[in-house]
Amino acid sequence: MIQELSRRIGQILARGIQEKKLYGACAAVFRKQELCYMTTAGFANQEKQLPMQPDTLFRMFSMTKPITAAATMML
């Protein structure tokens with residue numbers, strides 16, 4: 001199951017980067033509060049060619065996003 005999941009997530013991230021819809025992304029899957037899978041793709045800084053890392057910080061410009069994310073995770 002994890003192999004299929006990792007393959008599909010990798011394909012989605014690769015397609016987004018290839019179509020220039022994403023420059024970089026991090027994806028994590030948790031099950032029963034346990035990390036099952038984590039991956040990164042693309043660049044954290046495209047100009048400097050710095051690869052995306054699991055601890056890369058993201059700047060959020062709207063506070064509705066973290067509130068919506070927290071509400072979604074609570075569901």
Side-chain angles (χ1 to χ4, degrees):
M1 180 173 122
I2 296 297
Q3 290 86 9
E4 175 66 17
L5 179 69
S6 64
R7 185 186 64 77
R8 290 178 64 190
I9 290 173
Q11 286 177 342
I12 291 168
L13 294 179
R15 187 176 342 126
I17 291 169
Q18 192 173 32
E19 294 174 357
K20 305 270 191 238
K21 293 182 179 180
L22 300 171
Y23 289 113
C26 294
V29 177
F30 287 82
R31 183 164 187 228
K32 297 182 181 178
Q33 300 179 352
E34 196 172 308
L35 180 64
C36 296
Y37 176 73
M38 178 178 261
T39 189
T40 60
F43 296 103
N45 186 329
Q46 191 173 16
E47 290 83 27
K48 295 180 182 178
Q49 297 289 305
L50 296 174
M52 185 68 71
Q53 300 292 324
D55 62 349
T56 300
L57 297 178
F58 292 88
R59 192 176 288 175
M60 298 178 83
F61 292 98
S62 171
M63 286 309 294
T64 57
K65 292 174 189 159
I67 292 169
T68 304
T72 302
M73 288 188 282
M74 289 172 64
L75 291 174

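Just the heavy atoms: all of them, side chains too, but no hydrogens, waters or symmetry mates, feed the values below. Computed from a predicted model, the values in this text were never measured in an experiment.
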Holding to side chain to side chain contact (heavy atoms under 4.5 Å, CB included), I want the full list of residues that pass it with I9, two or more places apart in sequence or in another chain. L5, L13, A27, V29, Y37, T39
Can you give me the closest heavy-atom contact between T40 and P54, atom names plus distance? CG2-N, 3.7 Å
Within a 6.0 Å radius of atom OH on Y23, are there more than 12 heavy atoms belonging to other residues, nucleotides or ligands? no
For atom CG of L57, is the number of surrounding heavy atoms from other residues, nucleotides or ligands below 6.0 Å larger than 12? no
By side chain to side chain contact (heavy atoms under 4.5 Å, CB included) - contacts of A14 (at least two apart): none
For residues 23-52, which residue pairs qualify under salt bridge (Lys or Arg N to Asp or Glu O under 4.0 Å), counting only residues two or more places apart or in two chains? none
Take atom CD of Q11 as the centre, draw a 6.0 Å sphere, and report whether it contains more than 12 heavy atoms from other residues, nucleotides or ligands. yes
Mind checking the CZ-NZ spacing from F58 to K65? Nearest 0.5 Å is all I need. 12.0 Å
Enumerate the residue pairs fulfilling salt bridge (Lys or Arg N to Asp or Glu O under 4.0 Å) with a member in residues 4-19, sequence neighbours excluded, ordered by first and then second residue. E4-R7, E19-K21
Please report the closest heavy-atom contact between M52 and A41, naming both atoms and the distance. CB-O, 3.7 Å
Starting from I67 and following side-chain heavy-atom contacts under 4.5 Å between hydrophobic residues (I, L, V, M, F, W, Y), which residues can be reached? none
List, by chain and then residue number, the residues other than I12 in its hydrophobic cluster (Ile/Leu/Val/Met/Phe/Trp/Tyr, side-chain heavy atoms under 4.5 Å); write none if there are no others. none
